[in-house]
Amino acid sequence: MTTTTKKVLIAIFLGLLFCGIVVLGVFEFIPDYEVGEYGIYQSISERITKSGAFTDTKQATYTVELDEDVDIKSVQSAIKARLQKSFGYYGVQMCYDEESNQLTITIPNNGLTSSLPRVEEDEDGSVVINRGSLAKSVLERVSAVGKLEVLNSSSYSDSAVILKEEHFKRATVKTYVSGTNTWYICQVRLTAEGTEIANGNFTVGSTYYYAVDGAVENIAVYSSNGTFQLYSHEKEEADIFAGYVKTGSLGATLTLEESVDVVNSFGWIYMLIFCLVVVASFVYAAVRYKGLSVVPIIMQLLAIVIYVLFAGLAYTEIFNVASAIGTFIVYAFMSFFSWMTFERIRARLADNKTYTWARHMAFDKRTNIISIIAHGALLVLGIILWVIPSVVTAPLGCVFVYGAVLSFVVTFGLNRLFTLALSPYFENVGRKAKASK
């Protein structure tokens with residue numbers, strides 16, 4: 001194969017790779033695909049709008065009436081758990097004023113968070129279903145008492161209640177399709193006591209009912225020994241009911257006093273700044289390293305696209321302040337090791353060394369050791385921060401872990417591979433310089 005043919009094939013491959021990266025990058029702005037670790041892909045725009053620090057928010061203030069022997073901290077923990085498990089909100093702002101006995105919750109008000117139905121009355125008195133995806137719907141769900149019960153009657157009464165929240169052990173959400181109908185099932189596993197009660201009062205496969213806070217919601221089926229299936233028409237409803245099982249009832253009654261909308265567009269400002277930083281780094285590479293810059297540009301772009309795609313599939317909350325700062329740190333970290341490598345290649349080519357020698361020295365033993373130690377340290381730091389249950393440390397650690405792995409793959413592996421692939425373009429650079437002397 002001639003050198004010209006090699007150059008053409010390399011150019012075609014890099015062009016196809018770049019086009020693939022662009023297609024994936026565009027895909028990452030398309031919201032809500034039901035794939036991935038948690039059943040849904042969240043686009044980059046979705047994750048920005050799910051962070052109260054980067055988008056418009058709704059601030060709701062409640063008067064709190066605590067049940068006996070219940071602490072306000074346990075109420076706050078239950079609300080945070082519901083927001084995380086059912087709606088994917090992390091780092092939600094919550095403030096309790098002891099003097100006024102009021103709790104303020106601030107969540108994103110972006111219209112993209114859920115499709116929870118809200119039953120309302122029209123002007124003529126008829127009941128309508130408003131499926132508007134509002135932060136108000138989320139707040140109504142997470143601030144509810146959340147007392148879940150199973151009944152043997154379609155009408156609520158104390159005598160009809162057979163199973164209570166203390167009889168529920170855990171819950172998962174499943175999807176059931178029957179013809180044109182799709183049901184979302186909150187599958188509840190009962191405790192030993194609950195199983196004994198259920199076996200004495202219910203028949204496997206028969207239809208019963210479940211209620212939330214004294215209101216009958218839908219049908220329930222005793223599917224097997226110790227398992228109840230609570231049916232819903234909306235996935236978000238099933239999710240929040242599963243959240244009620246996991247967190248239990250609040251142990252308090254929250255009465256809404258006021259609700260305020262707060263405008264904030266910092267998320268898009270952050271995106272613009274980050275994009276400008278990335279473009280500026282690409283321009284720097286193109287000016288300084290000329291044709292060789294195609295490697296760091298495409299590799300770093302690939303790393304960014306893969307990171308955002310993986311984070312979306314893993315339902316990872318990226319855009320709070322801590323993780324936003326972490327994103328800049330990781331990108332600077334990856335850029336430093338890329339520039340260090342290509343700077344060494346450039347310096348040796350300037351000394352009239354051959355491209356093969358320059359590339360070999362750029363990836364010598366000393367550079368490899370420094371890279372392994374630095375990336376290992378960032379990975380360990382990320383794991384430590386990730387396991388600390390804090391809205392600052394956990395997201396920051398998550399970014400460091402993903403970033404360390406991707407940066408190592410790019411700077412230690414892909415840069416090495418693609419600089420080798422570009423050898424036909426530079427094989428005569430050093431020789432020509434020597435021959436001209």
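Reckoned from all heavy atoms, side chains included, excluding hydrogens, waters and symmetry mates.
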**Asked** Taking atom CZ of F336 and atom OG1 of T341, what is their separation to the nearest 0.5 Å?
**Response** 9.5 Å

**Fill in**
Residues R359 and R416: closest non-hydrogen pair is NH2-O, 2.8 Å

**Message:** Does V138 form a side-chain contact (heavy atoms from CB on, under 4.5 Å) with K58? I'd like the steps, not just the answer.
**Reply:** CA-CA 11 Å; V138 177; K58 180 174 286 293; over 6 Å; no

**Prompt:** If you measure from CE on M271 to CG on L276, what distance do you get to the nearest 0.5 Å?
**Reply:** 11.0 Å

**Message:** I'd like to check V330 versus L406 (side-chain heavy atoms, cut-off strictly below 4.5 Å). Are they in contact?
**Reply:** no

**Shortest non-hydrogen contact between L139 and A60, atoms and distance** = CD1-CB, 3.7 Å

**Asked** With a 4.5 Å heavy-atom cut-off, do V173 and I185 have their side chains touching?
**Response** no

**Message:** So which atom in I10 and which in A421 form the shortest heavy-atom distance, rounded to 0.1 Å?
**Reply:** CD1-O, 2.7 Å

**Smallest separation among heavy atoms of H375 and A404, with atom names** = CD2-O, 3.5 Å

**Request:** Can you measure from OH (Y289) to CZ (R346) and round to the nearest 0.5 angstrom?
**Result:** 7.0 Å

**Asked** Would you find a donor on one side and an acceptor on the other, under 3.5 Å apart, between the side chain of S281 and the backbone of V278?
**Response** yes

**Prompt:** Which atoms form the tightest heavy-atom contact between I72 and V64, and what is the distance?
**Reply:** CD1-CG1, 4.1 Å

**Request:** Answer yes or no: is there a side-chain heavy-atom contact under 4.5 Å between L230 and E217?
**Result:** no

In a table with atom names and distances, give each donor-acceptor pair under 3.5 Å that connects a side chain of residues 155-169 to protein atoms at least two apart or in another chain.
{"residue": "Y156", "atom": "OH", "partner": "E149", "partner atom": "OE1", "Å": "2.8"}
{"residue": "S157", "atom": "OG", "partner": "S159", "partner atom": "OG", "Å": "3.2"}
{"residue": "S157", "atom": "OG", "partner": "A160", "partner atom": "N", "Å": "3.3"}
{"residue": "E165", "atom": "OE1", "partner": "S249", "partner atom": "N", "Å": "3.0"}
{"residue": "E165", "atom": "OE1", "partner": "S249", "partner atom": "OG", "Å": "3.2"}
{"residue": "E165", "atom": "OE2", "partner": "S249", "partner atom": "OG", "Å": "3.0"}
{"residue": "H167", "atom": "ND1", "partner": "K164", "partner atom": "N", "Å": "3.0"}

**Request:** Check for a donor-acceptor pair, side chain of R82 on one end and backbone N or O of G243 on the other, with a separation under 3.5 Å.
**Result:** no

**Message:** I'd like to know if the side chain of Y231 pairs up with that of T207 as donor and acceptor (distance under 3.5 Å, no hydrogens or angles considered).
**Reply:** no

**Fill in**
CD1 of I240 to CG of L148, rounded to nearest 0.5 Å, is 11.0 Å

**Request:** Working to the nearest 0.5 Å, report the span between CD of E258 and OG1 of T63.
**Result:** 10.0 Å

**Asked** Are the side chain of S143 and the backbone of L254 linked by a donor-acceptor contact shorter than 3.5 Å?
**Response** no

**Asked** Is the number of heavy atoms from other residues, nucleotides or ligands within 6.0 Å of CD (E343) greater than 12?
**Response** yes

**Request:** Calculate, to the nearest 0.5 Å, the distance between atoms CD1 and CD belonging to I107 and Q59 respectively.
**Result:** 11.5 Å

**Message:** When you measure from the side chain of T367 to the backbone of F363, do you find a donor-acceptor pair of N or O atoms at a distance under 3.5 Å?
**Reply:** no

**Prompt:** Any luck finding a side-chain donor-acceptor pair between T61 and Q102 under 3.5 Å?
**Reply:** no

**Distance-only donor-acceptor check, side chains Y307 and T327, under 3.5 Å** = no

**Message:** Can you classify the ring geometry of F412 versus F408 as parallel (below 30°), tilted (30 to 60°) or perpendicular (above 60°)?
**Reply:** parallel

**side-chain contact (heavy atoms from CB on, under 4.5 Å) between V188 and T227, worked out** = CA-CA 6 Å; V188 180; T227 303; over 6 Å; no

**Message:** The criterion is side chain to side chain donor-acceptor pair (under 3.5 Å); which residues satisfy it with Y222, sequence neighbours excluded?
**Reply:** N199

**Message:** Using 30° and 60° as the class boundaries, would you call the ring planes of F228 and F202 parallel, tilted or perpendicular?
**Reply:** perpendicular

**Message:** Could you work out, with side chain to side chain contact (heavy atoms under 4.5 Å, CB included) as the rule, every residue matching D69, not counting sequence neighbours?
**Reply:** none

**Complete:** Nearest heavy-atom contact between Y331 and Q300 is OH-OE1, 3.0 Å

**Message:** Please evaluate residues F282 and L301 with respect to the criterion side-chain contact (heavy atoms from CB on, under 4.5 Å), reporting the C-alpha separation (whole Å), side-chain torsions for both, the decisive distance (0.1 Å), and the verdict.
**Reply:** CA-CA 9 Å; F282 289 174; L301 189 60; 4.2 Å; yes

**Asked** Does any non-hydrogen side-chain atom of F241 lie less than 4.5 Å from one of V245?
**Response** no

**Message:** Would you say the rings of Y270 and F328 are close, in the sense that their centroids are separated by under 6.0 Å?
**Reply:** yes

**Request:** For residues N201 and N152, determine if any side-chain heavy atom of one lies less than 4.5 Å from a side-chain heavy atom of the other.
**Result:** no

**Asked** Do the non-hydrogen side-chain atoms of S293 and Y284 ever get within less than 4.5 Å of each other?
**Response** no

**Item:** From CA spacing to verdict: side-chain contact (heavy atoms from CB on, under 4.5 Å), Y62, L256
**Value:** CA-CA 4 Å; Y62 301 86; L256 180 65; 3.8 Å; yes

**Asked** How about F400 and I329: do any of their side-chain heavy atoms sit closer than 4.5 Å?
**Response** yes

**Prompt:** Is V295 close to F342 at the side-chain level, that is, under 4.5 Å between some pair of heavy atoms?
**Reply:** yes

